[in-house]
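Bear in mind the structure is a predicted one, so any value in this text is a computation, not a measurement. Protein chains get the first letters and strands the later ones, always in sequence-line order, with residue 1 at the start of each.
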Number of protein chains: 2
Amino acid sequence: MTIAERSFTTTERPQARGKWRSFMSREIVCHQDDPVTDIYRVETGAVMLYQILRDGRRQIVDVLYPGDYFGFGDGTIQDCFAETLMACDVIAWRRDDAFSTVEWCHAFTAAMQRKLGAMHDHVTLLGKKTALERVASFLMRFVPECSGRLCNGAPPADYGRVTHDVYMSRREIADYLGLTLETVSRAISQLKREGMIEAPRPTQIAIKEICRMCKVAALH
Amino acid sequence: MTIAERSFTTTERPQARGKWRSFMSREIVCHQDDPVTDIYRVETGAVMLYQILRDGRRQIVDVLYPGDYFGFGDGTIQDCFAETLMACDVIAWRRDDAFSTVEWCHAFTAAMQRKLGAMHDHVTLLGKKTALERVASFLMRFVPECSGRLCNGAPPADYGRVTHDVYMSRREIADYLGLTLETVSRAISQLKREGMIEAPRPTQIAIKEICRMCKVAALH
DNA sequence: CGCGACCTTGATGATGATCAAACAACGTGG
DNA sequence: CCACGTTGTTTGATCATCATCAAGGTCGCG
């Protein structure tokens, strides 16, 4: 089961007055510069957030999985587009409803702390890592046990046997990692040549040598 | 009055059971990988957050000003060093105390929303902008009215007359913007040559032509 | 089969990193 | 007061990484 396929058990998370909404792949949930009305939480699937500069450059600033919140911008105006990477379920709350209960606030603050830590890691990736390190770091996200600072050095037993679906095109990966699609493609080819990963098809990858990948990714 | 010199009026912000602490310039408030015990809020001054990779590369992931919270990592372990850029006052809460009141949670969630939006902008800067655009964007932070997406096109009346203190060295600016100190220096020199800024000394700048700077920074 | 979308690979070039040296500001001690 | 060392900044010359430009390859589908 991939990260994106996980879903929340509804009992342990507040959802009073929240409205379930389903989206197809590549649907836009909200637009940059739109007013903020609702707050969303991903329940199943995956959503990308991106900003577009006036001259058309696009930066994918985050990729969201179940449990992640989005759609609140700076509190008044959306700072990003939110677009689904696959079929998704999300819960939408009216802003005022959402913040009215204490449990909701707690769930939200916990999610925000996790998210901010992840953003810090991503800033370090963009500011300091080479192309190969970025791509390796990106692929290691599919092994959550080993990609964060929680890693205890023990990879899951079945790693190397599992193939992960990458729901992003080369262009999207590139726009996420601050590279071009050609550079991403070259880096993936290099990791394949060196035997660290396999890719039966472009959108599927299997990580064959976790510890080498981890070193290449400059994760620990 | 600069951003860093602003301070909060204590009445409008919850601080029950919070403990005031004062720091000198360049003191380390908390260490990467330390356990999380307290949550801090900057009251006066400025604090930088940075991560250090195993081979010594440093990325400054954020610069905090009054009203910003820090020190909570992913909830258990610090993900960053926090170091003061100048003399600072902060309030420290025990984690459990902090989240016990509703008002505190509301203040915290509001701050986190602002911060996450700012991080998105910074990710776009790191992922897509050129060296000159990054440096110009950085300097435009000293004119908050014009640097964000709240900008209404009307610069403050006294701009160009005000010199701003940059409490960061060229190396720190570089580590923040994902560049080298030489590249930062060259970009600043270019902006000076073209008359957009003045710099009576390296750590002080005055923005002379806000609208041109804004264009160079690719802000709007 | 042929078209379109996406990916891969190659050749060339530009931006920014690296290496290096000179310069400015500042504090200390003779 | 000035020589000197220290630290940080500026500027120049060269180099490497990644972007750009270009062509060919793979896959799915009408």
Side-chain angles (χ1 to χ4, degrees), chain A residues 25-26 48 53 55-60 85-86 125-139 163 165-194 197-205 216-218, chain B residues 25-26 48 53 55-60 85-86 125-139 163 165-194 197-205 216-218:
Chain A
S25 181
R26 313 290 152 167
M48 62 177 168
L53 299 178
D55 58 7
R57 282 175 286 181
R58 174 181 75 165
Q59 177 68 35
I60 296 176
L85 285 172
M86 52 192 292
L125 179 149
L126 291 170
K128 282 286 157 340
K129 292 191 182 180
T130 66
L132 192 64
E133 289 171 340
R134 293 182 202 199
V135 172
S137 301
F138 173 75
L139 295 178
T163 61
D165 286 297
V166 180
Y167 288 99
M168 300 167 75
S169 70
R170 295 290 184 266
R171 163 154 294 285
E172 285 161 348
I173 299 172
D175 282 348
Y176 183 41
L177 300 180
L179 301 169
T180 60
L181 66 92
E182 293 96 329
T183 300
V184 170
S185 179
R186 274 183 249 271
I188 290 176
S189 297
Q190 182 176 344
L191 294 171
K192 273 197 293 193
R193 261 199 315 279
E194 300 187 7
I197 64 171
E198 283 178 1
R201 53 185 59 201
T203 60
Q204 288 191 328
I205 60 113
V216 172
Chain B
S25 182
R26 311 289 149 167
M48 62 177 166
L53 299 177
D55 59 6
R57 282 175 286 179
R58 175 181 73 165
Q59 177 68 34
I60 296 176
L85 285 172
M86 52 191 293
L125 179 148
L126 291 170
K128 283 286 157 343
K129 291 191 182 180
T130 66
L132 192 65
E133 287 170 341
R134 294 182 200 199
V135 172
S137 300
F138 172 76
L139 295 178
T163 62
D165 286 296
V166 180
Y167 288 98
M168 299 167 76
S169 69
R170 295 290 184 267
R171 162 155 294 283
E172 285 162 348
I173 298 172
D175 282 347
Y176 184 43
L177 301 181
L179 301 168
T180 60
L181 67 91
E182 293 95 331
T183 301
V184 170
S185 179
R186 274 182 248 271
I188 289 175
S189 296
Q190 181 176 345
L191 294 171
K192 272 197 293 194
R193 261 200 316 279
E194 299 188 6
I197 64 170
E198 283 176 4
R201 52 185 58 201
T203 59
Q204 287 190 328
I205 60 110
V216 172

Quick test: give all pairs of protein nitrogen or oxygen and nucleotides 7-10 of chain D nitrogen or oxygen below 3.5 Å, distance rounded to 0.1 Å.
{"from": "dT9(D)", "atom 1": "OP1", "to": "Arg170(B)", "atom 2": "N", "distance (Å)": "3.3"}
{"from": "dT9(D)", "atom 1": "OP2", "to": "Arg170(B)", "atom 2": "N", "distance (Å)": "3.3"}
{"from": "dT10(D)", "atom 1": "OP1", "to": "Arg170(B)", "atom 2": "NH2", "distance (Å)": "3.2"}
{"from": "dT10(D)", "atom 1": "OP2", "to": "Arg170(B)", "atom 2": "NE", "distance (Å)": "2.7"}
{"from": "dT10(D)", "atom 1": "OP2", "to": "Arg170(B)", "atom 2": "NH2", "distance (Å)": "3.4"}
{"from": "dT10(D)", "atom 1": "OP2", "to": "Ser185(B)", "atom 2": "OG", "distance (Å)": "2.9"}
{"from": "dT10(D)", "atom 1": "O5'", "to": "Ser185(B)", "atom 2": "OG", "distance (Å)": "3.2"}

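- Results of the side chain to side chain contact (heavy atoms under 4.5 Å, CB included) test with Val135(A) over Thr130(A), Leu191(A), Ile197(A) single out Leu191(A) as the only residue that passes.
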Checklist entry - Between Leu125(A) and Phe138(A), does a side chain to side chain contact (heavy atoms under 4.5 Å, CB included) hold up when you go through it step by step? => result CA-CA 9 Å; Leu125(A) 179 149; Phe138(A) 173 75; 5.8 Å; no
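- Shown here is Arg57(A), whose CZ atom has more than 12 heavy atoms of other residues, nucleotides or ligands within 6.0 Å.
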Next on the checklist: Evaluate Leu53(B) against Gln59(B) for side chain to side chain contact (heavy atoms under 4.5 Å, CB included), listing each step before the verdict.
Outcome noted: CA-CA 8 Å; Leu53(B) 299 177; Gln59(B) 177 68 34; over 6 Å; no
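- Heavy-atom distances to DNA chain D give each of Arg201(A) and Thr180(A) a nearest nucleotide, and the one nearer the 5′ end belongs to Thr180(A).
- Thr203(A) contributes no side-chain N or O that, together with a main-chain N or O of Asp165(A), makes up a donor-acceptor pair within less than 3.5 Å.
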Checklist entry - Taking it one step at a time, do Arg58(A) and Arg171(A) satisfy side chain to side chain contact (heavy atoms under 4.5 Å, CB included)? => result CA-CA 10 Å; Arg58(A) 174 181 75 165; Arg171(A) 163 154 294 285; 3.8 Å; yes
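- Chain B approaches DNA chain C over the interval dG16(C) to dC26(C), counting the first and last nucleotide 5' to 3' with an atom under 4.0 Å from its heavy atoms.
- Arg26(B) pairs by the side chain to side chain donor-acceptor pair (under 3.5 Å) definition with Glu172(B), not counting sequence neighbours.
- The side-chain hydrogen bond (donor to acceptor under 3.5 Å, both in side chains) analysis of residues 184-193 of chain A, with sequence neighbours excluded, yields the pairs Gln190(A)-Glu194(A).
- With sequence neighbours excluded, no residue forms a side chain to side chain donor-acceptor pair (under 3.5 Å) with Arg170(A).
- Applying a 4.0 Å cut-off to non-hydrogen atoms, the residues of residues 127-135 of chain B that approach DNA chain C are Thr130(B), Ala131(B), listed by residue number.
- For the side chain to side chain contact (heavy atoms under 4.5 Å, CB included) with Arg134(B), the lone residue among Leu179(B), Thr183(B), Val184(B), Ile173(B) that qualifies is Leu179(B).
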